[in-house]
Each structure stands twice: as structure tokens, then as C-alpha cells.
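To start, the structure under review is shown below, and the notes come after it.
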Amino acid sequence: VQLQASGGGLVQPGGSLRLTCAASGRTFSQYTLSWFRQAPGMEREFVSGLRRSGGGGDSAYADSVKGRFTISRDNAKNTVYLQMNSLKSEDTAVYYCAVTPRRLITSEVRRGDNYDYWGQGTLVTVSS
């Protein structure tokens, strides 16, 4: 599986961006999909994840982004999105998409070591 993340850029505080992660190969609809981020000098952290069934009840968010970010998937396009609204300076980071064909429980979705494939990252900079 190859992942291609895009959509990052420079945005002012309060602005919005939509990140896209396009995946190649296999049965994308059966994958658990997530976004992680890593700010300069910081450890990678979980942002949002979507479990295999893809329903709204199967999504998870970090507390820091809950209510501002929305994860979604388009299985027909093998693509996962991260809509980011009301961006803050502390959202500045390189964002990575990650997938695994395994079904994960909610606590497992938040752990990066549960994912088998990673995209190359896209930089989001929130600054005035």
C-alpha cells in the first residue's frame, strides 16, 4: 500500500485546510485510517482515526482537535480526508496519514505502532 498525503500549507489562525491522503492497492474500505502529526521538537501524536466500518460512531479524535477537525473517507476513491477548521498556532506540524488492514479497538486506533503503512507527511503551518 502506498499513501500520498497532500493539502498542507500556510494558513492564518482561525482558518481552514483539508488534508487528503490517497491510497493505492487492495481493499481500502477494510482499512483502519488515521492521521497523526508531529510538531518540531515534539513526539508524534494521534489526531484522528476512522475504524474499518467507517461510520460516524467509529471515529476518534484527540481532545485538542475535537469539534474542530473532521475525518472522513471515500472508499470509491481510496481516499481519507481531514477537514481542519478553526486552526490554531499549536496545530502547526507535519501531518501523516496511516493505515492498517486490522480492525482496531478505540484505544488501539490512537497508537502509531498499530499501523502498517504511512504517508510521507504534509506540512501545516498556522501563523499570521
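When side chains are defined from C-beta on, V80 does not count as touching Y31, because their heavy atoms never get closer than 4.5 Å. Counting heavy atoms from C-beta outward, V1 and V99 have side chains that approach closer than 4.5 Å.
Distance check: T92 OG1 to L87 CG gives 8.5 Å after rounding to the nearest 0.5 Å. Atom CH2 of W35 sits about 6.0 Å away from atom CG of L82, to the nearest 0.5 Å. The CZ atom of R103 lies 11.5 Å from the CD atom of E108; values are rounded to the nearest 0.5 Å. Within the model, atoms OG of S59 and CZ of F69 stand 14.0 Å from one another, a figure rounded to the nearest 0.5 Å. Here the CE-CG distance, from M84 to L17, works out to 4.5 Å after rounding to the nearest 0.5 Å.
Under the salt bridge (charged side-chain N to carboxylate O under 4.0 Å, His left out) criterion, E45 pairs with R37, not counting sequence neighbours. With sequence neighbours left out, R18 forms a salt bridge (charged side-chain N to carboxylate O under 4.0 Å, His left out) with no residue at all. For R68, the side chain to side chain donor-acceptor pair (under 3.5 Å) partners two or more places apart in sequence, or in a different chain, are D91. Judged as a side chain to side chain donor-acceptor pair (under 3.5 Å), and not counting sequence neighbours, T79 has no contacts. Partners of N85 according to the side chain to side chain donor-acceptor pair (under 3.5 Å) rule, which considers only residues two or more places apart in sequence or in another chain, are S16, Q83. Every residue two or more places apart in sequence or in another chain was checked for a side chain to side chain donor-acceptor pair (under 3.5 Å) with R44, and none qualifies.
Although no hydrogens or angles enter the test, the distance criterion places a donor-acceptor pair under 3.5 Å between the side chain of S24 and the main chain of Q2.
Applying the under-4.5 Å side-chain rule to Ile, Leu, Val, Met, Phe, Trp and Tyr, the cluster around Y96 extends to F36, F46, V94, L104, V109, Y115, W118, L123. Cluster partners of M42, using a side-chain heavy-atom cutoff of under 4.5 Å among ILVMFWY residues and allowing indirect links: none. Hydrophobic cluster of I105: no remaining members, since no ILVMFWY side chain lies below 4.5 Å from it.
Here the closest non-hydrogen pair linking T32 and R102 is OG1-O, 2.9 Å. When all heavy atoms of S127 and P13 are compared, the closest pair comes out as C-CD, 3.6 Å.
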Considering only distance and modelled atom types, tabulate donor-acceptor pairs under 3.5 Å from the side chains of residues 3-12, sequence neighbours left out.
none

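Neither I71 nor Y81 shares a network with the other; the hydrophobic side chains, linked directly or stepwise wherever heavy atoms of I, L, V, M, F, W or Y lie under 4.5 Å apart, form separate groups for each.
Among pairs with a residue in residues 94-128, those fulfilling disulfide bond (SG atoms under 2.5 Å apart) read C21-C97, at least two apart in sequence or across chains.
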